[in-house]
K.L.:
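I'd like to ask some things about the structure below.
Computed from a prediction, not measured in an experiment: that's the story for all the values here.
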Amino acid sequence: MENDPERRDDTKGDDGTASTTTSGIAVLEKGSEPATSAGGARGSGTEVPGDAAGDRARGHQVSLRSVIVGGVILALVAALAFVSWQLHSRSEELAATQAAATAESQAEKVALDYAKGAAAIDFKDLPAWRSRLTEGTSEEMAARLTQAATSMEQIVTPLQWTSTAEPIAAVTTSVDGDVYSVDCFVGVTTKNTQAPDGIQSTATYKLRLDKSKDWKIIDISGVNAELPTGGR
């Protein structure tokens, strides 16, 4: 028998799949499964490179979203803290302004009440006037005023001096720590033997009050209307 260059061996596998070997090359016939490579084995559970890239992209998206959300939250917290600080600061400023205004108002009230009392004189009741003259003043100031009142009584009594007073205004001119300087203006109507019909004038009192000493008057200057001069 002559040798056939293309020898065909037909074999049949255990599963009934026929295979034909031609020149040593195995050819799978219908019904056989194609061989797969290690990197592309079907059903092997090995991750496909395309799927891995998708997972990484999704991971990057989640991380970026987390960073953005965290940044927004941080910005909101910072804004809220800033607004709270601003409100607190403005509240403190408003409270300080109100406290300063209240203190000035109190200083002006005390000063104007004193000026009104000091300007009202009746030669028939000088002890009451002396009491008003020294009321609310420091000990040193009270001693000075008592001495001044004694000298003035020598003029008031012979002239039968009487005067009534109405407050006009009081203005805080300066504040130095707890010491408030206040200018007071009082309308005074004076009658005496030299002016029986009465003379109207404005008395000006410059007072200094100490807040730390319960608004004691520590100095008085500028008083000019209650002293008799000329034909008054």
K.L.:
Is the side chain of Ser163 donor-acceptor paired with the backbone N or O of Ile121 at a distance under 3.5 Å, no angle test?
P.N.:
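Checked: pair present.
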K.L.:
Taking atom CG of Leu209 and atom NZ of Lys216, what is their separation to the nearest 0.5 Å?
P.N.:
11.0 Å
K.L.:
Determine the minimum heavy-atom distance between Ala169 and Leu112, stating which atoms define it.
P.N.:
O-CD1, 3.5 Å
K.L.:
For the backbone of Ala101 and the side chain of Ser105, can you confirm whether one donor and one acceptor N or O come within less than 3.5 Å of each other?
P.N.:
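No.
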K.L.:
With distance as the sole criterion, is a donor-acceptor pair present between the side chains of Thr172 and Glu108 under 3.5 Å?
P.N.:
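A donor-acceptor contact under 3.5 Å links the two side chains.
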K.L.:
Give a yes or no on whether the backbone of Thr134 and the side-chain of Tyr114 come within a donor-acceptor separation of less than 3.5 Å.
P.N.:
no
K.L.:
Under 4.5 Å between side-chain heavy atoms, counting indirect links through other Ile/Leu/Val/Met/Phe/Trp/Tyr residues: same cluster for Val171 and Ile217 or not?
P.N.:
no
K.L.:
How far does CG of Leu145 sit from CD1 of Ile220, to the nearest 0.5 angstrom?
P.N.:
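Rounded to the nearest 0.5 Å, the CG-CD1 separation comes out at 4.5 Å.
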K.L.:
For the residue pair Asn192 and Leu159, what are the closest heavy atoms and their distance?
P.N.:
CB-O, 3.3 Å
K.L.:
For the CE atom of Met152 and the OG1 atom of Thr150, what is their distance to the nearest 0.5 Å?
P.N.:
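Result: 12.0 Å between the selected atoms.
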K.L.:
In the structure I gave you, are the side-chain heavy atoms of Cys184 and Val182 within less than 4.5 Å of one another anywhere?
P.N.:
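In short, these two side chains touch, coming nearer than 4.5 Å.
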K.L.:
Can you name the closest pair of heavy atoms from Ile218 and Met141 and give their distance?
P.N.:
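Nearest pair, atom of Ile218 first, then Met141: O-SD, 3.8 Å.
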K.L.:
Testing the basics here: between Val186 and Ile168, what is the closest heavy-atom pair and its distance to 0.1 Å?
P.N.:
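Here Val186 and Ile168 meet closest at C-CD1, 3.8 Å.
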K.L.:
Check for me, please, whether Val179 and Tyr205 land in the same ILVMFWY cluster - side-chain distances under 4.5 Å, paths through other members count.
P.N.:
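Different clusters: Val179 never reaches Tyr205 through Ile, Leu, Val, Met, Phe, Trp or Tyr contacts under 4.5 Å.
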K.L.:
Indicate, with yes or no, if the rings of Trp215 and Tyr180 have centres closer together than 6.0 Å.
P.N.:
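Aromatic pair counts; centres sit under 6.0 Å.
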K.L.:
Taking the side chain as every heavy atom from C-beta outward, state whether Thr190 and Trp161 have any atom pair closer than 4.5 Å.
P.N.:
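Thr190 vs Trp161: side chains touch.
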K.L.:
Can you see which heavy atom on Gly117 is nearest to which on Arg132, and at what distance?
P.N.:
O-NE, 2.9 Å
K.L.:
In terms of hydrophobic clusters joined by side-chain contacts under 4.5 Å, are Ile199 and Phe185 together?
P.N.:
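As far as the 4.5 Å side-chain criterion goes, Phe185 and Ile199 are not connected within one cluster.
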K.L.:
So, for Glu153 and Leu126, which heavy atoms are closest and what is the spacing to 0.1 Å?
P.N.:
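Smallest heavy-atom distance, with atoms named: CG-CD1, 3.6 Å.
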K.L.:
Indicate yes or no: at least one non-hydrogen side-chain atom of Arg144 is less than 4.5 angstrom from one of Asp219.
P.N.:
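Yes; the side chains approach each other to less than 4.5 Å.
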K.L.:
Any chance you could measure Gln160, atom CD, to Lys124, atom NZ, to the nearest 0.5 Å?
P.N.:
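Rounded to the nearest 0.5 Å, the CD-NZ separation comes out at 8.0 Å.
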K.L.:
Any donor-acceptor pair under 3.5 Å linking the side chain of Thr97 with the backbone of Glu93?
P.N.:
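A pair under 3.5 Å: yes.
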K.L.:
Roughly how far, to the nearest 0.5 Å, is CG of Leu133 from OG1 of Thr146?
P.N.:
7.5 Å
